[in-house]
Amino acid sequence: MFKEYLNIQDIIGPLILLQDVEGVAYGELAEIKLASGEVRRGRVLEIADHRALVQVFEGTRGISKEDVKIKFLGKGMEIGVSSDIIGRIFNGAGEVIDGGPPIIPSKYLNINGSPINPCARDYPKEFIQTGISSIDGMNALVRGQKLPIFSGAGLPHAKIAAQIARQSKVIQFQEKFAVIFAAMGVTFEEADYFITDFKRTGAIERAVLFINLADDPTIERIAIPRMALTVAEYLAYEQDMHILVILTDMTNYCEALREISAARKEVPGRRGYPGYLYTDLATIYERAGRIKGKNGSITQIPILTMPEDDKTHPIPDLTGYITEGQLILSRSLHSKGIYPPIDVLPSLSRLKDKGIGKEKTREDHADVLNQLYAAYARGNYVKELVVVLGESALTPLDMQYMKFSELFEKVFVSQDEEENRAIEETINIGWKILGYLPKTELKRIKQEYIERYYKPWNNSLPENTD
């Protein structure tokens, strides 16, 4: 039997401070029983001098110091896992919400997981095809990598997340592949969009969804990414599956962390976020990777909205330090009607070279990527010159580069929300638009590839490129 405590010292926001407690551990779960018979859940946030600080999941409204019994359960937050978990939808408490039967767990796992020994890590490699040219062609995702998407308010990161989830696959292997999708602090409309899209396209058959709504308890927002990653670790390292984990929106997660920190009266760090924000984010991001001797892998795509589109904000800033690159969504591309509005110039996949090339994508992939990047950058530079000097100051070659940059956006970057491009198709589209430039300008591509793939552009330009 677990001991029940009645000695509440104070109630502060969502927190309860208990005194004279014994044998209670950090992270331990608690049951709070009210005089009305209602039972709420909580978790220990701090232990000191026989005092325990407990956060109540459902909030402390209606709780008084009298007639409340608190019982500690002797365990941390856990989730039941089994091979039947694929295809199911859960809430932030780990409960099934899809109307189906409950999961019969083969085991229960603590959601905090165990850190991976750096010596046991295997280097990320093998290309993951998302079907999106601006990712596959320019910033390739590699199995075992963590590659965040930096977005802004009003940009279509939800559509991109859903598209990546339903289209992604490891093309070099026929091994089992699944997607773990965790949505934190989303509106009911967004949650309904994700669930409907997964069911409509059949992607739900190889996915596990965790949904936390904006009005759900804050503590569940903290728990959801850890639940998702615990399921991912079970499927990857015990069921030998390749797992892609998509976390959206990490900004909502960090806001929840700031809310809890403020309730605990901790000394704030940058912009009011707790000083341990970097460490906390690292405990999530560093759970991606490959382990030597294990067939499975975990690849991670965290999505975050940058407040005021500020890349120096603490959340994107710290995320960039921990992860291996970033994909940045552009508001200017979005205003032009380009989907997906991924700006390839500031975007970066630090591990892309490990996943592309002969026997992975195609032998000319790296050269095409470098040439497209250089030509697009020069085209954008020419556009800036036009603003200052006017088109009359440009050479015919400058004009060609300026048109090329528009062609790149409208033909290569832009694609339909339902369009799933194979990597061969993406590279061929790259060669097609490179044909708009003179052969002598392809200085980053080997001559043997130019002879094999280069064809002059014969088509008329797309509309609205003048």
Side-chain angles (χ1 to χ4, degrees), residues 132-140 149-157 160 306 308-312 316 320 325-349 352 366-416 419 421 426-445 450 454-466:
I132 298 175
S133 291
S134 45
I135 299 176
D136 297 347
M138 305 298 292
N139 296 284
I149 295 177
F150 291 179
S151 182
L155 296 179
H157 49 269
I160 296 171
M306 300 178 290
E308 300 175 356
D309 294 353
D310 181 10
K311 286 182 283 190
T312 66
Q326 69 280 328
L327 301 172
I328 297 182
L329 302 191
S330 163
R331 200 169 292 280
S332 64
L333 287 179
H334 181 60
S335 66
K336 294 178 185 177
I338 303 291
Y339 174 88
I342 297 173
D343 190 348
V344 301
L345 294 181
S347 296
L348 171 67
S349 172
K352 64 177 180 293
D367 286 6
V368 171
L369 182 162
N370 292 332
Q371 189 64 64
L372 287 171
Y373 186 95
Y376 182 52
R378 179 168 173 180
N380 282 359
Y381 174 70
V382 171
K383 285 182 182 178
E384 293 173 2
L385 283 181
V386 169
V387 175
V388 180
L389 304 175
E391 286 193 13
S392 60
L394 301 182
T395 66
L397 186 59
D398 286 337
M399 292 291 292
Q400 217 163 347
Y401 270 105
M402 187 170 68
K403 294 291 185 183
F404 174 88
S405 71
E406 296 168 355
L407 203 60
F408 179 81
E409 293 172 359
K410 292 182 178 295
V411 177
F412 187 88
V413 175
S414 183
Q415 63 185 88
D416 190 76
E419 187 178 357
R421 292 179 182 170
T426 289
I427 297 172
N428 288 337
I429 292 172
W431 274 109
K432 180 181 179 182
I433 60 173
L434 284 173
Y436 186 71
L437 296 175
K439 189 184 290 188
T440 53
E441 289 299 302
L442 306 187
K443 299 173 183 176
R444 298 173 184 267
I445 303 180
I450 294 175
Y454 178 83
K455 292 181 182 178
W457 178 276
N458 294 320
N459 299 7
S460 59
L461 285 174
E463 293 179 6
N464 301 322
T465 58
D466 293 330

Do side-chain atoms of [X] reach the backbone of [Y] as a donor and acceptor pair under 3.5 angstrom?
X: Asn139; Y: Ile135; result: no
X: Gln371; Y: Lys443; result: yes
X: Gln400; Y: Leu397; result: no
X: Thr426; Y: Gly137; result: no

By ring pair (Phe, Tyr, Trp, His ring centres under 6.0 Å), Phe412 pairs with (sequence neighbours left out) Phe408
Shortest non-hydrogen contact from [X] to [Y]?
X: Pro316; Y: Met306; result: CG-CG, 3.9 Å
X: Ile450; Y: Ile445; result: CD1-O, 3.6 Å
X: Gly152; Y: Asp309; result: CA-OD1, 3.5 Å

Quick one: side chain to side chain donor-acceptor pair (under 3.5 Å) partners of [X], sequence neighbours excluded?
X: Lys311; answer: none
X: Ser414; answer: none
X: Ser349; answer: Gln145
X: Ser332; answer: Ser330

Run the side-chain contact (heavy atoms from CB on, under 4.5 Å) check on Tyr376 and Leu372 step by step: do they pass? CA-CA 6 Å; Tyr376 182 52; Leu372 287 171; 6.0 Å; no
Heavy-atom side-chain proximity of [X] to [Y] below 4.5 angstrom:
X: Tyr401; Y: Leu437; result: yes
X: Lys403; Y: Tyr436; result: yes
X: Phe150; Y: Leu327; result: no
X: Ile160; Y: Pro341; result: yes
X: Lys352; Y: Leu369; result: yes
X: Pro156; Y: Pro340; result: no

Under a plain distance cut-off of 3.5 Å, with no hydrogens placed, do Ser133 and Arg421 share a side-chain donor-acceptor pair? yes
When you look at Ile342 and Ile149, which way does the side-chain contact (heavy atoms from CB on, under 4.5 Å) test go after all the steps? CA-CA 9 Å; Ile342 297 173; Ile149 295 177; over 6 Å; no
For residues 333-344, which residue pairs qualify under side chain to side chain donor-acceptor pair (under 3.5 Å), counting only residues two or more places apart or in two chains?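 Applying side chain to side chain donor-acceptor pair (under 3.5 Å) to every pair that reaches into residues 333-344, excluding sequence neighbours, yields Gln163-Tyr339, Lys336-Glu409.
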Straight-line distance of Leu329 CG to His157 NE2, nearest 0.5 Å: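 Interatomic distance, Leu329 CG to His157 NE2, rounded to 0.5 Å: 8.0 Å.
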Run the numbers on Leu434 and Trp457 for side-chain contact (heavy atoms from CB on, under 4.5 Å), then give the verdict. CA-CA 8 Å; Leu434 284 173; Trp457 178 276; over 6 Å; no
Less than 4.0 angstrom from a charged side-chain N to a carboxylate O is my criterion; do Glu391 and Lys383 meet it? no
Within the supplied structure, the quantity of interest is the number of heavy atoms (other residues, nucleotides, ligands) at a distance under 6.0 Å from Arg444 CZ; does it exceed 12? no
side-chain contact (heavy atoms from CB on, under 4.5 Å) evaluation trace for Arg378 with Asp398: CA-CA 9 Å; Arg378 179 168 173 180; Asp398 286 337; 3.6 Å; yes
